[in-house]
Amino acid sequence: MDIAGSAALVTGAASGLGAATAAALAARGATVYGLDLDKAVAAAGPLPEGVRLLAADVTDEDQVREALAAIDADGAELRLAVNCAGIAPSARILGRKGPHDLDLFRAVLNVNLLGTFNVMRLAAEAIARHDADEHGQRGLVVNTASIAAFEGQVGQIAYAASKAGVAGMTVTAARDLAQFGIRVVTIAPGIVDTPMMAGFGEDVRAGLAASVTFPQRLARPEEYARLVTMIAEHDYLNGETIRMDGALRMSAR
Ligand SMILES: NC(=O)c1ccc[n+]([C@@H]2O[C@H](COP(=O)([O-])OP(=O)(O)OC[C@H]3O[C@@H](n4cnc5c(N)ncnc54)[C@H](O)[C@@H]3O)[C@@H](O)[C@H]2O)c1
């Protein structure tokens, strides 16, 4: 599909992978609408040309519908939706203070899995309204899992479950949306150097980098964004979860 001239929705666009993706898509000529929580939108610095941020919680049907209506009102043709919004609190199933808090588990599933599903279904509806290209293609949804979907570490039970859900939706979502000419691809990043990782000290970050097979460093947000543009431009990629992890296989801790 052509990125230039299309409109793209990127969730979690105020930070990390979403911000890098919004910038990369805009640099390739897309009109980018970034969604993020209102406090993150308010705190965002200057945006690259071609990127606009809209405040919406991905878990809220009305807020996502409103954002899509604003894109439509601009006369922009939505072709691409990239789900980057996510949270990653850690807790064990059974810890020193007792069993895993059920509300915390719910909250992680709500943002990472339900939020991704909510945006995917409403963006697909918007994309399906536009004409198909000469190959019958209308657009693409890229979701973000994590290698924790496959080898979650100690303390990642809620996160791993949510990301396994995102990976698990991929083939069935591609099948559901095939009749509309919409592809669905999931990226499972390893460890990317974003604000989500900034909470760790230098020694932990160095240890994480050393655990990567090659290249022995954290991935850069721009490398995730580059993968999104590669997927967009590769019409035969569909229904697959692609690891972007430098061959890292997570250990238990
Ligand atoms: N950084 C990594 O190493 C890594 C690895 C694997 C997967 N991921 C996944 O990639 C995605 C992006 O991560 P990141 O590292 O850029 O994180 P980040 O914390 O830098 O950015 C996440 C963004 O999502 C937004 N967000 C959170 N909840 C939201 C909601 N309910 N509605 C709208 N926006 C919301 C946040 O405000 C933030 O701007 C996440 O899904 C994360 O789980 C990250």
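Side-chain atoms are counted along with the backbone in the values below, which use heavy atoms only and exclude waters and symmetry mates. Whatever order the structure lists ligands and atoms in, that order sets their numbers, starting from 1.
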Which of these, [options], has its nearest heavy atom closest to [atom]?
atom                    : options              : value
atom 4 (C) of ligand 1  : G190, A44, S146      : G190
atom 24 (O) of ligand 1 : A88, A149, A85       : A85
atom 33 (C) of ligand 1 : A188, P189, G12, A56 : A56
atom 37 (O) of ligand 1 : L37, D36, L53        : D36

Quick one: does ligand 1 sit under 4.0 Å from the side chain of A40, the backbone, both or neither, non-hydrogen atoms only?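 A40 to ligand 1: side-chain contact only, backbone stays beyond 4.0 Å.
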Which bit of P221 gets closer than 4.0 Å to ligand 1, counting heavy atoms only: side chain, backbone, both or neither?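 It is neither; nothing of P221 touches ligand 1.
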Based purely on interatomic distance, does [X] place a nitrogen or oxygen under 3.5 Å from a nitrogen or oxygen of ligand 1?
X    : result
N112 : no
L17  : yes
M197 : no
V58  : yes

Among all protein heavy atoms, pick the one closest to [atom] and tell me residue, atom and distance.
atom                    : answer
atom 18 (P) of ligand 1 : S15 OG, 3.5 Å
atom 22 (C) of ligand 1 : G86 O, 3.9 Å
atom 41 (O) of ligand 1 : K163 NZ, 2.8 Å
atom 31 (N) of ligand 1 : D57 OD1, 2.9 Å
atom 19 (O) of ligand 1 : M196 CB, 3.9 Å
atom 42 (C) of ligand 1 : Y159 OH, 3.5 Å
atom 3 (O) of ligand 1  : V192 N, 2.7 Å
atom 15 (O) of ligand 1 : T194 OG1, 2.4 Å

Does [X] pair with [Y] as a salt bridge, N-O distance under 4.0 Å?
X    : Y    : result
R205 : E202 : yes
D60  : R65  : no
D193 : R220 : no
R183 : E240 : no
K97  : D101 : no
R243 : E151 : yes

Less than 4.5 Å apart, side chain to side chain, heavy atoms only: is that true for L68 and E125? no
Are V51 and Y33 close enough that some pair of their side-chain heavy atoms sits under 4.5 Å apart? no
Here's a test for you: under side-chain contact (heavy atoms from CB on, under 4.5 Å), which of T59, T11, V166, T186 qualifies with T116? V166
So which of D176, L140, N238, L177 actually passes side-chain contact (heavy atoms from CB on, under 4.5 Å) with I182?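 The option that passes is L177.
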Can you tell me if [X] has a non-hydrogen atom under 4.0 Å from ligand 1?
X    : answer
A145 : yes
C84  : yes
K39  : no
T144 : yes

Heavy-atom count around R129 CZ within 6.0 Å, excluding the residue itself: above 12? yes
Starting from the C-alpha separation in whole Å, work towards a yes-or-no answer on side chain to side chain donor-acceptor pair (under 3.5 Å) for T144 and Y224. CA-CA 10 Å; T144 309; Y224 171 94; 2.7 Å; yes
Below 4.0 angstrom from a heavy atom of G16, which ligand 1 atoms are there? Numbered from 1 as shown, please.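 Within the 4.0 Å cut-off of G16, ligand 1 contributes 16 (O), 20 (O).
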Show which atoms of ligand 1 fall inside a sub-4.0 Å distance from at least one heavy-atom site of I191. 3 (O)
Residues E61, N118; criterion side chain to side chain donor-acceptor pair (under 3.5 Å); working and verdict: CA-CA 7 Å; E61 169 158 17; N118 187 34; over 6 Å; no
Can you tell me how far the CD atom of Q153 sits from the OH atom of Y159, to the nearest 0.5 Å?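 Here the interatomic distance stands at 11.0 Å.
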